[in-house]
Every structure is written in C-alpha cells, then in structure tokens.
Amino acid sequence: MKTFVYIDHFKGEIQPASWEAIGLGKSLGPVSAVVFGSGVDAITKAAFENGADEVFVAEDTALADYRAEAYASTLSALVSAQSPDLVLFPTTARTRELAAMTAVDLNTGVLTDISGLEANGDQLVATRPIYEGKVLEKTVCFGKPVLATIRGRAFPKLEPDASHTGTPTKVEVKAEALTKVEGYSASESAVNLGDAGVIVSGGRGVSNNPSLQPPTGMEEKQAELWRAQQGFALVTDLANVLGGAVGASRAAVDAGYIPYSHQVGQTGKVVTPDLYIACGISGAIQHLVGMRNAKLIVAINKDSDAPIFKQARYGVVGDLFQIVPALTEAFRKKLGK
Ligand SMILES: Cc1cc2nc3c(=O)[nH]c(=O)nc-3n(C[C@H](O)[C@H](O)[C@H](O)COP(=O)(O)OP(=O)(O)OC[C@H]3O[C@@H](n4cnc5c(N)ncnc54)[C@H](O)[C@@H]3O)c2cc1C
C-alpha cells in the first residue's frame, strides 16, 4: 500500500499528528510525505527524520500562507500523477478543508477524524468515534485513493532518526489563488488542547475557597471571580510544571472563570491526553464524553461520591486548594524544575 502523508504546519510549527500519520502509513507500507509552503527545508528534513521514505515538496512564495484553492489544486495534481492508495492528514481546521476540496477534485471521499485503520483484503476499514464518542463507527470509502484525516494522539509515531535523510522531489505548484492572506492575529482559541499530552482542568470548585478573603468592597460576583482566578492560578501552575495545558468544565466557563477555548466536553473539545487531572469537577456526562478516553485520569474533589471518581484511576478526596499546590511542589522536586 502506497501512502501519502500531508505535513500540516503553521509558520514552521508542525502539527505533531503529522508524524503520527507517518507512523500509521508505515504500518501499511512505504510513505511519501508532502510538504507545501515557502522556506520549508527544516520541515522537509524533519519529515525524513520522522520516517518518510520520500518527500514531495511544493515550494513557492505563493504557498507561504495556507489557502485552500492553491493547496488543493497542487495536492490534487500531485496525487493524480502519483496514484497513492491512501492520503493521510492530521485533523486540523486547515486539513478538513484541504482534504474535502482535494476529494472533490479527485472524485473520491474523505474519512474524517479516524482513530483506527486496518486493511481488510484490499479495502481499508477506518474506526471513528461518533455521537460524542459514545459509539465507534467502522467505515469504508469506495473511492480511490482513500483520503483520511487522523485524530491527534490516536496513533503512535516513530522514533525520530536524525541520520535518516534523503533528497526531496520538487512538485509543480498550481497557485492560481483568488485570495491573499493579509496577516494574522492571535485569538483566544489559540489554546491547543487537542495535542496536549497532559491537561489539568478546573471546574466550579476552583472558586470554592471561603478562607480566601477578596479585597474589601468587592461585590459577591466579583469576589467569586477573584477566588476562581486564585484557583485557576494553582491549576495553571500544576499544568506548567507538567508541561501541559489548562482545561475547564462548562460550569467554569459559563461562570466567566476562564475563556471557552479551554472547555472540555460535549460542547467543548474532545481530548485524549496521556494524563488528565480534574480539579473540582463533578464528572457530569457532558464533561466525561470530552475526556474519558484520556490514558490516565486523576480526580481531586471534596465529595467522595462525585461521579468523576468512577472514571478516575486515581482519586484524591479533599480540598483542591491544598492538594493542587502540594502536587505541584512534589512534581517540581521530582522533575527538578
Ligand atoms: C447540552 C449540554 C452540554 C454541556 N456541555 C458541557 C461540556 O462541554 N463540558 C462540561 O464540562 N459540561 C457541559 N455541560 C454541563 C454539565 O452538565 C455540568 O453542569 C458541568 O460539567 C458541571 O461542571 P463542574 O463539574 O465544574 O461543576 P459542578 O457540577 O458544580 O461540580 C463542582 C465540583 O467541585 C467540587 N468542589 C467544590 N469545591 C471544591 C474544592 N475546594 N476542592 C475540591 N473539589 C471541590 C464539588 O464537590 C463538585 O463535585 C453541558 C450541559 C448540557 C445540558
């Protein structure tokens, strides 16, 4: 099986799931990486180091910024010429669009956000979570080639090998784009929970520390937000020591403790970190569907009957305002930070 892997990057920062896609492709046969952009030597080198047998590079200033028209026409032309059996993409906002447009050009289909892939004869059977992860669907694509976007952290990547190099193959650029990117500005959705190996999340409990005295004259709601800030500062400290990201329950987001971009759950992000630490979160089903596939769940909650403990491998019954800083300190020492 011949597999192409599209390496997704933004301003030189590569989406880690691109390497996971190479790992998946290599389990099926040889892999060619596809790199588009301008000034992409470092990305090309990294693609070889991460296991690509061959790297196709479309390099042009017209491809400096991702734009669907130019990228999709270049990719469709390359795939038509090279006829791979499978084209894999890490799942991102860009690749959802790119894969869909390329599939239209090639008259095939896209399997989106897959978490498993196996060959059954000459057919590829993908597994993908649906209905908020409650059901796993097996699905096949009858078009050729099969295009699939893979869920981050669902497949292992290969160990990078700095000695693995090669000569990239240049690709003709089809850059008749009708749009131009004028610039970028950061938005609050910059939080990348999907790629985080560790997530420390806070819930409504982060504001529950009556012994914290807010500055005098503060109204009740302001005092609650002030307490929540102190609670989330502890959650953030722990996340920083563990090199992780900060998540939240919807109750914390709705109460204004933290922006929506941190929300985990049915109406937030679905995450699969190696470690998920839930602080002051009760474990409502709408939260659980967003994090229950984490490899290891730790819960800290005052209430020993909180449903989150049923999902957690380790549970600490107690006040997060005491336990979280103690954990941070212990990890700081252990990790020498
Ligand atoms: C359609 C729909 C979609 C939803 N989508 C989402 C979603 O995407 N994500 C989501 O999270 N929720 C979602 N919800 C809301 C969900 O039902 C819960 O209301 C929410 O998850 C509760 O958040 P919480 O656990 O932080 O708050 P609570 O349920 O109020 O729990 C707070 C917990 O903190 C503990 N606690 C309090 N003080 C301390 C302390 N000092 N130390 C330790 N523990 C303490 C308490 O014992 C309690 O268990 C959705 C609801 C609906 C109806």
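Start at 1 and go down the list; that is how both ligands and their atoms are numbered.
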Over 60° means perpendicular and under 30° means parallel, so classify the ring planes of [Y] and [X], tilted if in between.
X	Y	result
Tyr71	Tyr66	perpendicular
His287	Tyr276	tilted
Phe36	Tyr6	perpendicular

Examine ligand 1 and decide if any of its atoms is less than 4.0 Å from a heavy atom belonging to [X].
X	result
Gly318	yes
Val264	yes
Asn209	no

For [atom], what's the nearest protein heavy-atom neighbour? Residue, atom name and distance, please.
atom	value
atom 38 (N) of ligand 1	Asn208 ND2, 2.9 Å
atom 44 (N) of ligand 1	Lys302 N, 3.2 Å
atom 41 (N) of ligand 1	Asp319 OD1, 3.0 Å
atom 14 (N) of ligand 1	Gln286 CB, 3.5 Å
atom 36 (N) of ligand 1	Gly205 CA, 3.8 Å
atom 18 (C) of ligand 1	Ala284 CB, 3.6 Å

Do the side chains of [Y] and [X] get nearer than 4.5 Å, heavy atoms only?
X	Y	answer
Ile7	Ile14	yes
Trp226	Pro215	yes
Phe10	Thr92	no
Thr102	Ser76	yes
Lys337	Asn240	no
Leu28	Leu117	yes

So between [options], whose heavy atom ends up nearest [atom]?
atom	options	answer
atom 46 (C) of ligand 1	Asp305, Val317, Asn301, Asp303	Asn301
atom 22 (C) of ligand 1	Ala299, Pro210, Ala251	Ala251
atom 6 (C) of ligand 1	Val289, Ile285, Thr267	Thr267
atom 10 (C) of ligand 1	Arg250, Arg204, Gln266	Arg250

List ligand 1 atoms under 4.0 Å from [X], heavy atoms only on the residue side.
X	result
Gly265	7 (C), 8 (O), 9 (N)
Gly268	8 (O)
Ser249	11 (O), 23 (O), 24 (P), 26 (O)
Gly203	26 (O)
Gln263	6 (C), 7 (C), 8 (O), 9 (N)

Inset, instruction - Flag the pair Glu224 and Lys221 as a salt bridge only when some basic side-chain nitrogen lies within less than 4.0 angstrom of an acidic carboxylate oxygen. - result: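 A salt bridge links Glu224 with Lys221.
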When only distance counts, is [X] in polar contact with ligand 1, meaning an N/O pair under 3.5 Å?
X	value
Phe321	no
Leu320	yes
Gly280	yes

Legend entry - Contact partition for Ser282 relative to ligand 1, non-hydrogen atoms under 4.0 Å: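 The part of Ser282 near ligand 1 is both the backbone and the side chain.
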Legend entry - Candidate pair Asp113 and Arg151, rule salt bridge (charged side-chain N to carboxylate O under 4.0 Å, His left out), full reasoning: CA-CA 5 Å; Asp113 204 23; Arg151 177 169 276 225; 3.0 Å; yes
Inset, instruction - For residues Gln123 and Phe142, report the shortest heavy-atom separation together with the two atoms involved. - result: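 Distance-wise, the nearest heavy atoms are NE2-CE2, 3.4 Å.
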Inset, instruction - Check step by step if salt bridge (charged side-chain N to carboxylate O under 4.0 Å, His left out) holds for Asp274 and Arg153. - result: CA-CA 9 Å; Asp274 295 326; Arg153 308 182 58 77; 2.8 Å; yes
Legend entry - Heavy-atom protein neighbour under 4.0 angstrom from atom 25 (O) of ligand 1: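 Looking at atom 25 (O) of ligand 1, one finds that a protein heavy atom does lie closer than 4.0 Å.
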Legend entry - Backbone N/O of Leu86 and side chain of Thr3: donor-acceptor pair under 3.5 Å: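 No: the side chain of Thr3 does not pair with the backbone of Leu86.
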